K.L.:
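Mind looking over this structure? Questions follow.
Note that the structure is a prediction, hence the values are computed from the model and not measured. We're numbering straight along the sequence, starting at 1. Keep in mind that the numbers below use all heavy atoms, side chains included, and drop hydrogens, waters and symmetry copies.
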Amino acid sequence: MPEKRIFDDSGPFVDRFGILLVMTAGTTALLALVDVGGPLGGRGTELATTATAVVVGATLLVALRSAGLSRRWQRATDLAVATVVALVVGGSLVDLPGNVSADATSPILALLGMLAPIVVVRRLLRHRSVGMPTLTGAVAAYLLIPLAFYYAFLTVEQLSGTPFFGSDQPTTVFMYFSLTTITTIGYGDFAAVTPLGRLLAVGEGVVGQLYLVTFVAFIVGLASARVSDQ
(Lines give C-alpha, C1' and ligand atoms only; values in the text may rest on other atoms or scores of the structure.)
Protein backbone atom coordinates (compact mmCIF):
# COMPACT_ATOMS: atom_id res chain seq x y z
CA MET A 1 0.00 0.00 0.00
CA PRO A 2 1.46 3.39 -0.93
CA GLU A 3 2.72 5.43 1.99
CA LYS A 4 0.43 8.35 1.15
CA ARG A 5 -2.55 6.18 2.04
CA ILE A 6 -1.12 5.36 5.45
CA PHE A 7 0.16 8.79 6.45
CA ASP A 8 -1.09 12.33 6.05
CA ASP A 9 1.61 14.76 7.13
CA SER A 10 -0.70 17.73 6.62
CA GLY A 11 -3.18 16.63 9.29
CA PRO A 12 -4.21 19.12 12.00
CA PHE A 13 -2.63 17.11 14.84
CA VAL A 14 0.73 16.40 13.21
CA ASP A 15 3.76 17.27 15.37
CA ARG A 16 1.67 17.96 18.49
CA PHE A 17 4.34 16.12 20.43
CA GLY A 18 4.26 18.41 23.46
CA ILE A 19 0.78 17.14 24.31
CA LEU A 20 1.88 13.59 23.61
CA LEU A 21 4.86 13.89 25.96
CA VAL A 22 2.69 15.08 28.84
CA MET A 23 0.18 12.29 28.25
CA THR A 24 2.85 9.60 27.88
CA ALA A 25 4.63 10.65 31.07
CA GLY A 26 1.34 10.70 32.96
CA THR A 27 0.31 7.31 31.58
CA THR A 28 3.64 5.76 32.54
CA ALA A 29 3.31 7.09 36.09
CA LEU A 30 -0.29 5.88 36.28
CA LEU A 31 0.60 2.33 35.27
CA ALA A 32 3.47 2.33 37.75
CA LEU A 33 1.08 3.20 40.58
CA VAL A 34 -2.24 1.50 39.74
CA ASP A 35 -2.63 -2.29 39.68
CA VAL A 36 -4.95 -3.01 36.75
CA GLY A 37 -4.42 -6.75 36.46
CA GLY A 38 -5.95 -8.11 39.63
CA PRO A 39 -9.59 -9.07 40.16
CA LEU A 40 -11.92 -6.13 40.61
CA GLY A 41 -12.77 -5.54 44.24
CA GLY A 42 -15.05 -2.59 44.73
CA ARG A 43 -16.33 0.45 42.87
CA GLY A 44 -13.10 2.40 43.46
CA THR A 45 -10.97 -0.28 41.82
CA GLU A 46 -13.45 -0.60 38.94
CA LEU A 47 -13.32 3.13 38.27
CA ALA A 48 -9.51 3.17 38.48
CA THR A 49 -9.21 0.27 36.03
CA THR A 50 -11.65 1.87 33.57
CA ALA A 51 -9.98 5.26 33.83
CA THR A 52 -6.58 3.67 33.21
CA ALA A 53 -7.84 1.98 30.03
CA VAL A 54 -9.25 5.29 28.79
CA VAL A 55 -6.02 7.18 29.54
CA VAL A 56 -3.82 4.56 27.86
CA GLY A 57 -6.09 4.42 24.81
CA ALA A 58 -6.19 8.20 24.50
CA THR A 59 -2.40 8.42 24.75
CA LEU A 60 -1.91 5.89 21.96
CA LEU A 61 -4.46 7.65 19.74
CA VAL A 62 -2.73 11.00 20.26
CA ALA A 63 0.59 9.37 19.37
CA LEU A 64 -0.78 8.01 16.10
CA ARG A 65 -2.42 11.31 15.17
CA SER A 66 0.61 13.43 16.00
CA ALA A 67 2.68 11.10 13.81
CA GLY A 68 0.41 11.80 10.84
CA LEU A 69 -1.51 8.54 10.53
CA SER A 70 -4.18 8.94 7.85
CA ARG A 71 -7.86 9.17 8.74
CA ARG A 72 -8.52 5.74 7.29
CA TRP A 73 -6.05 4.14 9.66
CA GLN A 74 -7.16 6.38 12.50
CA ARG A 75 -10.62 4.87 12.25
CA ALA A 76 -9.16 1.39 12.61
CA THR A 77 -7.16 2.36 15.70
CA ASP A 78 -10.16 4.20 17.14
CA LEU A 79 -12.14 0.97 16.83
CA ALA A 80 -9.38 -1.00 18.55
CA VAL A 81 -9.26 1.44 21.49
CA ALA A 82 -13.05 1.51 21.72
CA THR A 83 -13.00 -2.29 21.91
CA VAL A 84 -10.47 -2.15 24.75
CA VAL A 85 -12.57 0.32 26.75
CA ALA A 86 -15.74 -1.68 26.12
CA LEU A 87 -14.09 -4.87 27.35
CA VAL A 88 -12.78 -3.17 30.48
CA VAL A 89 -16.13 -1.54 31.24
CA GLY A 90 -17.90 -4.83 30.55
CA GLY A 91 -15.52 -6.63 32.87
CA SER A 92 -16.28 -4.16 35.64
CA LEU A 93 -20.02 -4.69 35.26
CA VAL A 94 -20.02 -8.47 34.76
CA ASP A 95 -18.18 -10.97 36.92
CA LEU A 96 -16.03 -12.49 34.18
CA PRO A 97 -14.05 -15.60 35.19
CA GLY A 98 -10.28 -15.24 35.35
CA ASN A 99 -10.32 -11.54 34.49
CA VAL A 100 -11.16 -12.22 30.84
CA SER A 101 -11.34 -8.52 29.98
CA ALA A 102 -7.68 -7.94 30.96
CA ASP A 103 -6.59 -11.06 29.06
CA ALA A 104 -8.31 -9.76 25.92
CA THR A 105 -7.17 -6.13 26.11
CA SER A 106 -3.44 -6.61 26.77
CA PRO A 107 -2.63 -8.06 23.30
CA ILE A 108 -4.55 -5.22 21.61
CA LEU A 109 -2.75 -2.56 23.63
CA ALA A 110 0.58 -4.33 23.06
CA LEU A 111 0.11 -4.12 19.28
CA LEU A 112 -0.99 -0.48 19.38
CA GLY A 113 1.86 0.25 21.79
CA MET A 114 4.42 -1.22 19.41
CA LEU A 115 2.95 0.74 16.50
CA ALA A 116 2.95 4.10 18.30
CA PRO A 117 6.74 4.69 18.73
CA ILE A 118 7.41 3.38 15.22
CA VAL A 119 5.11 5.89 13.52
CA VAL A 120 6.31 8.72 15.79
CA VAL A 121 9.92 7.97 14.87
CA ARG A 122 8.92 7.84 11.20
CA ARG A 123 7.51 11.36 11.52
CA LEU A 124 10.57 12.67 13.39
CA LEU A 125 12.86 11.38 10.66
CA ARG A 126 11.12 13.76 8.27
CA HIS A 127 12.09 16.81 10.32
CA ARG A 128 14.74 18.92 8.66
CA SER A 129 15.63 21.09 11.66
CA VAL A 130 15.69 20.71 15.42
CA GLY A 131 12.82 22.41 17.19
CA MET A 132 10.69 21.81 20.23
CA PRO A 133 8.47 19.30 18.35
CA THR A 134 11.57 17.26 17.50
CA LEU A 135 12.83 17.18 21.08
CA THR A 136 9.46 16.50 22.72
CA GLY A 137 8.64 13.90 20.07
CA ALA A 138 11.94 12.09 20.64
CA VAL A 139 11.37 11.91 24.41
CA ALA A 140 7.73 10.86 23.96
CA ALA A 141 8.72 8.06 21.55
CA TYR A 142 11.29 6.83 24.07
CA LEU A 143 8.64 6.66 26.82
CA LEU A 144 6.25 4.84 24.51
CA ILE A 145 8.70 1.94 24.24
CA PRO A 146 8.41 0.78 27.90
CA LEU A 147 4.64 1.28 27.64
CA ALA A 148 4.54 -1.14 24.70
CA PHE A 149 6.73 -3.70 26.44
CA TYR A 150 4.64 -3.40 29.61
CA TYR A 151 1.66 -4.79 27.70
CA ALA A 152 3.86 -7.28 25.86
CA PHE A 153 5.05 -8.68 29.20
CA LEU A 154 1.48 -8.95 30.45
CA THR A 155 0.45 -10.71 27.25
CA VAL A 156 3.26 -13.25 27.58
CA GLU A 157 2.19 -14.06 31.13
CA GLN A 158 -1.45 -14.45 30.10
CA LEU A 159 -0.73 -16.65 27.09
CA SER A 160 1.87 -18.85 28.77
CA GLY A 161 -0.09 -19.40 31.95
CA THR A 162 3.17 -19.10 33.90
CA PRO A 163 3.89 -16.11 36.15
CA PHE A 164 6.26 -13.80 34.27
CA PHE A 165 8.45 -13.31 37.35
CA GLY A 166 8.00 -16.82 38.77
CA SER A 167 5.29 -15.69 41.18
CA ASP A 168 2.18 -13.58 40.86
CA GLN A 169 2.91 -9.85 40.99
CA PRO A 170 0.74 -6.74 40.64
CA THR A 171 0.81 -5.06 37.25
CA THR A 172 2.69 -2.11 38.74
CA VAL A 173 5.74 -4.39 38.90
CA PHE A 174 5.55 -4.91 35.13
CA MET A 175 5.90 -1.17 34.47
CA TYR A 176 8.66 -0.89 37.06
CA PHE A 177 10.47 -3.79 35.39
CA SER A 178 9.95 -2.28 31.93
CA LEU A 179 11.38 1.09 32.98
CA THR A 180 14.40 -0.41 34.74
CA THR A 181 15.03 -2.65 31.72
CA ILE A 182 14.96 0.06 29.06
CA THR A 183 17.21 2.29 31.17
CA THR A 184 19.52 -0.73 31.80
CA ILE A 185 19.45 -0.05 35.55
CA GLY A 186 18.76 -3.71 36.31
CA TYR A 187 18.27 -3.69 40.09
CA GLY A 188 17.85 -7.46 40.02
CA ASP A 189 14.86 -7.58 42.38
CA PHE A 190 12.66 -8.89 39.54
CA ALA A 191 13.60 -10.97 36.52
CA ALA A 192 11.76 -12.79 33.75
CA VAL A 193 11.79 -16.57 34.24
CA THR A 194 10.33 -17.84 30.94
CA PRO A 195 12.43 -18.03 27.75
CA LEU A 196 10.10 -15.72 25.82
CA GLY A 197 9.95 -13.30 28.73
CA ARG A 198 13.74 -13.16 28.90
CA LEU A 199 13.95 -12.61 25.16
CA LEU A 200 11.51 -9.71 25.36
CA ALA A 201 13.36 -8.17 28.30
CA VAL A 202 16.69 -8.33 26.49
CA GLY A 203 15.01 -7.01 23.36
CA GLU A 204 13.67 -3.99 25.23
CA GLY A 205 17.12 -3.18 26.56
CA VAL A 206 18.65 -3.41 23.09
CA VAL A 207 15.88 -1.32 21.50
CA GLY A 208 16.25 1.33 24.18
CA GLN A 209 19.99 1.66 23.71
CA LEU A 210 19.78 1.66 19.92
CA TYR A 211 17.12 4.35 20.09
CA LEU A 212 19.25 6.60 22.28
CA VAL A 213 22.35 6.15 20.13
CA THR A 214 20.63 6.68 16.78
CA PHE A 215 18.40 9.56 17.82
CA VAL A 216 21.10 11.47 19.64
CA ALA A 217 23.15 11.21 16.44
CA PHE A 218 20.11 12.26 14.38
CA ILE A 219 19.38 15.34 16.49
CA VAL A 220 23.05 16.33 16.62
CA GLY A 221 23.21 15.98 12.83
CA LEU A 222 20.17 18.23 12.35
CA ALA A 223 21.56 20.80 14.77
CA SER A 224 24.96 20.77 13.02
CA ALA A 225 23.31 21.24 9.64
CA ARG A 226 21.32 24.19 10.96
CA VAL A 227 24.46 25.83 12.35
CA SER A 228 26.26 25.30 9.03
CA ASP A 229 23.39 26.89 7.12
CA GLN A 230 23.44 29.92 9.39
K.L.:
Taking the side chain as C-beta and beyond, is there a heavy-atom pair between Leu147 and Leu144 under 4.5 Å?
P.N.:
yes

K.L.:
Describe, in one word, how the ring planes of Phe218 and Phe215 are oriented to each other, choosing from parallel (under 30°), tilted (30 to 60°) and perpendicular (over 60°).
P.N.:
perpendicular

K.L.:
Show me the pairs that pass salt bridge (charged side-chain N to carboxylate O under 4.0 Å, His left out) and involve residues 164-187, at least two apart or across chains.
P.N.:
none

K.L.:
For a ring pair (Phe, Tyr, Trp, His ring centres under 6.0 Å) check, start with the C-alpha distance between Phe164 and Phe153, then their side-chain angles and the critical distance, and finish with the verdict.
P.N.:
CA-CA 7 Å; Phe164 190 86; Phe153 296 152; 4.9 Å; yes

K.L.:
Give the intermediate values and the outcome of salt bridge (charged side-chain N to carboxylate O under 4.0 Å, His left out) for residues Arg65 and Asp78.
P.N.:
CA-CA 11 Å; Arg65 281 166 167 75; Asp78 289 348; 2.9 Å; yes

K.L.:
Start with the C-alpha gap between Phe174 and Phe165, add the side-chain angles, then the distance that decides, and say whether side-chain contact (heavy atoms from CB on, under 4.5 Å) holds.
P.N.:
CA-CA 9 Å; Phe174 286 80; Phe165 299 108; 3.9 Å; yes

K.L.:
Between Gln74 (side chain only) and Leu69 (backbone N and O only), is there a donor and an acceptor less than 3.5 Å apart?
P.N.:
yes

K.L.:
Do Leu112 and Tyr151 have side chains that approach each other closer than 4.5 Å (heavy atoms only, starting at C-beta)?
P.N.:
no

K.L.:
Evaluate the criterion side-chain contact (heavy atoms from CB on, under 4.5 Å) for residue pair Tyr150 and Thr28; output intermediate values, then yes/no.
P.N.:
CA-CA 10 Å; Tyr150 163 86; Thr28 302; over 6 Å; no

K.L.:
Do Ile219 and Leu135 have side chains that get closer than 4.5 Å, going by heavy atoms?
P.N.:
yes

K.L.:
Please enumerate all residues that pass side chain to side chain contact (heavy atoms under 4.5 Å, CB included) together with Leu30, with sequence neighbours excluded.
P.N.:
Val34, Thr52, Val55

K.L.:
So how far is it from Leu179 CG to Phe149 CZ, rounded to the nearest 0.5 Å?
P.N.:
12.5 Å

K.L.:
Classify the angle between the aromatic ring planes of Tyr187 and Tyr176 as parallel (below 30°), tilted (30 to 60°) or perpendicular (above 60°).
P.N.:
parallel

K.L.:
Looking at Leu21, is its backbone amide N or carbonyl O close enough to the side chain of Thr24 to form a donor-acceptor pair, meaning the two atoms are under 3.5 Å apart?
P.N.:
no

K.L.:
Going by an N to O cut-off under 4.0 Å, is there a salt bridge joining Arg72 and Asp8?
P.N.:
no

K.L.:
For Thr181, enumerate each residue passing the side chain to side chain donor-acceptor pair (under 3.5 Å) test, keeping only those at least two apart in sequence or located in another chain.
P.N.:
none

K.L.:
Among Leu200, Leu199, Thr162, which residue meets the side chain to side chain contact (heavy atoms under 4.5 Å, CB included) test with Thr194?
P.N.:
Thr162

K.L.:
State whether the side chain of Asp35 and the backbone N or O of Thr171 hold a donor-acceptor pair below 3.5 Å, judged by distance alone.
P.N.:
yes

K.L.:
Just so I know, are the side chains of Val120 and Leu20 near enough to count as touching, which here means a heavy-atom distance under 4.5 Å?
P.N.:
yes

K.L.:
Between His127 and Phe17, what is the ring plane arrangement, given parallel below 30°, perpendicular above 60°, and tilted in between?
P.N.:
tilted

K.L.:
When you measure from the side chain of Ser178 to the backbone of Pro146, do you find a donor-acceptor pair of N or O atoms at a distance under 3.5 Å?
P.N.:
yes

K.L.:
Check for a donor-acceptor pair, side chain of Arg198 on one end and backbone N or O of Ala192 on the other, with a separation under 3.5 Å.
P.N.:
yes

